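The structure appears right after this line, and notes come after that.
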Amino acid sequence: MKIIQFSDLHITPPDGLLFGSDPADRLLGCVRHINRHHADADLCVLTGDLTHAGHPLAYERLRECLQDLIPPVRLLMGNHDSRHAFWNVFPDARTELPGFVQHAETLGDWRAIYLDTLQDGYTNGYLCEARLGWLRREMERHAGPVLLFSHHPLPALQYPSMDWLRLSNAEQLLPLLKAHPAPVHLFSGHVHRCAAGTWHGIPFVTVSGTNHQHELDLERPGAATSAFEPASYAVILPNEDGLTVHFQPFGYEELRFPYTGDVGALKCI
Ligand SMILES: [Fe+2]
């Protein structure tokens, strides 16, 4: 199985630039890269901030950009999104909880769960009692391993400019995730950086944005500084042994060099 995760597209209406760049152009670079290298992926999960300001025309533009993407997509809400505008353009988007973009599906032996962590008007994420209750029932129904996707990370990343804007009631989910009889893996966006680690023993991954990144400043609190560092998507490979995540940059000059050393001199016991 192969799942692609990319995030924080921040699409603007036509002719709208962000930091002097068109986020749609960068998204199209991501789409082309995935189609060229991972057209066999089972699906692509877009972990929120699909648009920069929730504008209806930005969602129209997003739909146009994604129409050539070969793998099917799952779309999550981020703090920059508007559910109302989203549903007007994507009326068939799945949900199992009225009023939210939250659902789950079985992928082989795994259960993929897509959370809606948007709290209207706030930058941090929050799961209300309705969404928490749905998650609780969903986790209880399926005893197998879980891929849990959300825009806002549950853990703090020891990254002060974004940690205060994570899922603010993440600790409420912790007993539920810890009690699950099979591994649970967390995948998020929001921080505009690739990171990986464990949170109370639960593995997590975050990915960069397709448009802009946040500089890695481990000291400064407050708002993060945006920068055009290279963008990446995650290639998630679950199998019967566990799971591997590769981070794949795109949008660079694709210069590849064959290894020219003496392969015969390499030794392996
Ligand atoms: Fe974002």
Side-chain angles (χ1 to χ4, degrees), residues 3-38 41 43-90 92-94 101 114-118 123 125 149-153 162 165 187-195 205-214 224 226-236 247-252:
I3 301 168
I4 306 294
Q5 181 199 0
F6 55 99
S7 197
D8 293 82
L9 292 59
H10 287 256
I11 300 298
T12 53
D15 301 325
L17 300 180
L18 187 57
F19 307 127
S21 166
D22 186 349
D25 284 344
R26 293 176 181 265
L27 171 58
L28 288 172
C30 181
V31 167
R32 283 193 296 272
H33 200 281
I34 292 170
N35 284 347
R36 193 180 315 133
H37 300 284
H38 301 291
L43 56 90
C44 293
V45 181
L46 283 59
T47 44
D49 281 2
L50 306 175
T51 67
H52 188 59
H55 196 286
L57 292 178
Y59 287 103
E60 297 275 7
R61 206 156 176 231
L62 170 64
R63 189 176 59 184
E64 290 167 16
C65 290
L66 295 177
Q67 65 188 7
D68 291 332
L69 181 62
I70 295 171
V73 296
R74 304 289 182 263
L75 306 175
L76 275 67
M77 292 288 93
N79 51 289
H80 282 261
D81 287 306
S82 157
R83 294 187 193 93
H84 178 73
F86 169 75
W87 270 317
N88 278 340
V89 177
F90 295 93
D92 298 328
R94 296 186 196 184
V101 186
Y114 310 104
L115 292 180
D116 180 340
T117 57
L118 165 61
T123 306
F149 293 94
S150 63
H151 177 68
H152 296 86
M162 291 301 289
L165 301 172
F187 298 91
S188 305
H190 189 50
V191 292
H192 291 240
R193 294 207 66 81
C194 293
V205 157
T206 66
V207 297
S208 63
T210 57
N211 186 65
H212 56 281
Q213 317 314 327
H214 291 163
S226 296
F228 284 124
E229 294 179 11
S232 297
Y233 56 81
V235 181
I236 305 166
F247 297 107
Q248 174 61 61
F250 62 90
Y252 56 94

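Quick caveat, the model's predicted, so the values are computed rather than measured. In what follows, every heavy atom counts, from backbone to side chain, and hydrogens, waters and symmetry copies are set aside.
- For residues 67-77, every residue pair satisfying the side-chain hydrogen bond (donor to acceptor under 3.5 Å, both in side chains) rule, not counting sequence neighbours, is listed here: Arg74-Glu105.
- Contact annotation: the side chain of Phe6 approaches that of Leu46 to within less than 4.5 Å [non-hydrogen atoms, C-beta and beyond].
- Residue Asp22 holds its CG atom at 5.0 Å from OG1 of Thr12, rounded to the nearest 0.5 Å.
- Annotation for Pro71 and Asn35: closest pair CD-OD1, 4.0 Å, computed over non-hydrogen atoms.
- Scored by the salt bridge (Lys or Arg N to Asp or Glu O under 4.0 Å) test, Arg63 finds Glu60 as partners (sequence neighbours excluded).
- Of the inter-residue distances, the one linking Ile4 atom CD1 with Ile70 atom CD1 reads 11.5 Å to the nearest 0.5 angstrom.
- One N or O on the side chain of Ser208 and one on the backbone of Ser232 form a donor-acceptor pair closer than 3.5 Å.
- The distance from atom SG of Cys65 to atom CG of Leu9, rounded to the nearest 0.5 Å, is 8.5 Å.
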Check: Would Val101 and Trp87 count as a side chain to side chain contact (heavy atoms under 4.5 Å, CB included) if you check the C-alpha gap in whole Å, the side-chain angles of each, and the deciding distance to 0.1 Å?
Finding: CA-CA 9 Å; Val101 186; Trp87 270 317; 3.7 Å; yes
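- Residues His55 and Arg61 have side chains not in contact (no heavy-atom distance under 4.5 Å, counting atoms from C-beta outward).
- Atoms CZ and OG, from Arg26 and Ser21 in turn, are 3.5 Å apart once rounded to the nearest 0.5 Å.
- Between Leu50 and Met77, the closest side-chain pair of non-hydrogen atoms falls below 4.5 Å.
- The heavy-atom pair separating Tyr233 from Cys30 by the smallest distance is CD2-SG, 4.0 Å.
- In terms of heavy atoms, Phe19 sits closest to Phe228 at O-CE1, 3.5 Å.
- His33 places no side-chain N or O within donor-acceptor distance of the main-chain N or O of Gly251, the cut-off being under 3.5 Å.
- Counting only heavy atoms from C-beta outward, the side chains of Asn88 and Pro56 never approach each other to under 4.5 Å.
- Here the side chains of Phe187 and Ile3 are not in contact, with every heavy-atom distance at 4.5 Å or above.
- Between Ser188 and Thr206, the side chains place no donor N or O within less than 3.5 Å of an acceptor N or O (distance only, hydrogens not considered).
- Distance check, rounded to the nearest 0.5 Å: CD1 of Ile11 to CG of Leu57 gives 13.0 Å.
- Here the closest heavy-atom approach between residue Thr51 and residue Asp81 is recorded as N-OD1, 3.1 Å.
- For Ala224, the side-chain contact (heavy atoms from CB on, under 4.5 Å) criterion is met by Tyr159, Ser161, Met162, His214, not counting sequence neighbours.
- Just one residue in the list His80, His10, His151 forms a ring-ring contact (aromatic ring centres under 6.0 Å, His included) with His190, and that residue is His151.
- Smallest separation of non-hydrogen atoms from His152 and Ser150: O-OG, 2.8 Å.
- For His37 and Phe250, the distance between ring centers is not under 6.0 angstrom.
- Within the 4.5 Å cutoff, no side-chain heavy atoms of Ile236 are placed close to those of Val45.
- Among all heavy-atom pairs drawn from Gly189 and Ser7, the shortest one is CA-OG, 3.4 Å.
- Rounding to the nearest 0.5 angstrom, the gap separating the CG atom in Leu76 from the CD atom in Gln5 is 9.0 Å.
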